[in-house]
Number of protein chains: 2
Amino acid sequence: MSNLIEASGILAIATRLQRLSDQLRKEGQLIYKAHGIDFEPKWFPVVYTLHQKPVLSVVEIAAEIGYSHPSTISLLKELEKQKLVRSKKDKTDERKRLILLTEKGKELVIQMQPVWGKMSAALASLTDTPNNLMKAIEEVEANIKVRSFFEREQQQ
Amino acid sequence: MSNLIEASGILAIATRLQRLSDQLRKEGQLIYKAHGIDFEPKWFPVVYTLHQKPVLSVVEIAAEIGYSHPSTISLLKELEKQKLVRSKKDKTDERKRLILLTEKGKELVIQMQPVWGKMSAALASLTDTPNNLMKAIEEVEANIKVRSFFEREQQQ
DNA sequence: TAAAACTACGTAGCTGACTACATATATCAA
DNA sequence: TTGATATATGTAGTCAGCTACGTAGTTTTA
């Protein structure tokens, strides 16, 4: 990034956040590949959630991972294609589709556990700086909850 | 975001960054609208750069704002449609297209200056926390430069 | 007990960035 | 001076999320 944008600073913060996010995701892909694991970073929230709570409906998963339900549906389609999850009808509520990890999915989770551990450690080492990125995000989100960016601008 | 993903923590950091980025961008749109200004946050880097350096080629703009040149081209197309920028041929190098702000573009910049000021102040108030978000991003980017996420994971 | 309101799921299409590739022009080296 | 290489721009298609909207099943209420 050039000095010009550095100077305009905080106004380009949305772009900076997105770029960092993209870079981490791309490197995440490389890491799975390097371990010979056929898995994409974007699948992590769904699979991890199902690892913790084995049977959930589509909307429940969406709420857990904080995505819209259409985004969740498209992730589930990919995971079903990979045979990592399957679904069954909820017998007491015909509208619901209950999602579960397959045997292949459960085995993959076990295989990925040590990789997740190393990825966590690597991310921790990257973000262990005077201003901790995870904490900074949490602090900003908390501030937004108190008074949004929009409201703050109006009050200036 | 649910407790489950909080617990899985840092592995979902790419998603957290993107979500915060999206939220700030959306509120940015609302702010321009509330001021009756027909402008989108994604145009800011290009317009601000041309405000600072009045005549630049496509690739020069891309380099300044840190985007790929195709992304820059599509932003320029939108800005040309809005009649905020125009272009002329470089007479000494026929390959180049030189980009400039139009009169309308220059007037809009003047009109937006106070809004940019208030947005900066609002963002500063949001990110003025024990762990400063801008500094955290810079620190992580610096760490990545020293040793990437991928390399760090391999060494764990 | 039927109508209204709500909930769950799915599809279509948008967004804002990207990479890969194609073409045109400029420059450099033999 | 011409062939190789480099640079500038543009097009096409991808990606990971989103919103809007439609349908079907469930619950509530008059």
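Since this is a predicted model, take the numbers as computed values, not measurements. The chains referred to below are lettered A, B, ... by the order of the sequence lines, with proteins before strands, and numbering in each begins at 1.
For the pair B:E60 and A:E94, both in contact range of DNA chain D, the more 5′-proximal nearest nucleotide belongs to B:E60. Taking the nucleotide of DNA chain C with the nearest heavy atom to each of A:K26 and A:L98, the more 5' of the two is matched to A:L98. Comparing A:E40 and A:K91, the nucleotide of DNA chain D nearest to each residue sits closer to the 5' end for A:E40.
Listed pair B:Y67 / C:dC18 fails the phosphate criterion, with no side-chain N or O lying under 4.0 Å from OP1 or OP2. Contact annotation: B:Q29 side-chain N/O to C:dG16 OP1/OP2 distance is under 4.0 Å.
Put simply, the side chain of B:I61 does not reach to within 4.5 Å of the side chain of B:L75, judged on heavy atoms.
Nucleic acid contact class of A:Q23 (heavy atoms, under 4.0 Å, all strands): none. B:D22 comes within 4.0 angstrom of no nucleic acid atom, judged by non-hydrogen atoms across all strands.
Here the shortest heavy-atom pairing between B:L133 and A:I13 reads CD2-CD1, 3.8 Å. Pairing each heavy atom of A:T129 with each of B:E139, the nearest pair is OG1-OE1, 2.6 Å. Minimum interatomic distance between A:T127 and A:N132 (heavy atoms only, all atoms of both residues): O-ND2, 3.3 Å.
Contacts of residues 68-82 of chain A with DNA chain C (heavy atom under 4.0 Å): A:H69, A:P70, A:I73, A:K77.
Checked against C:dA17, D:dT9, C:dC9, the side chain of A:Q18 finds its nearest nucleotide in C:dA17.
Of the candidates B:T49, B:I99, B:I65, B:I65 is the only one forming a side chain to side chain contact (heavy atoms under 4.5 Å, CB included) with B:T72.
Between the side chain of A:R95 and the base of C:dT7, at least one donor-acceptor pair of N or O atoms lies under 3.5 Å.
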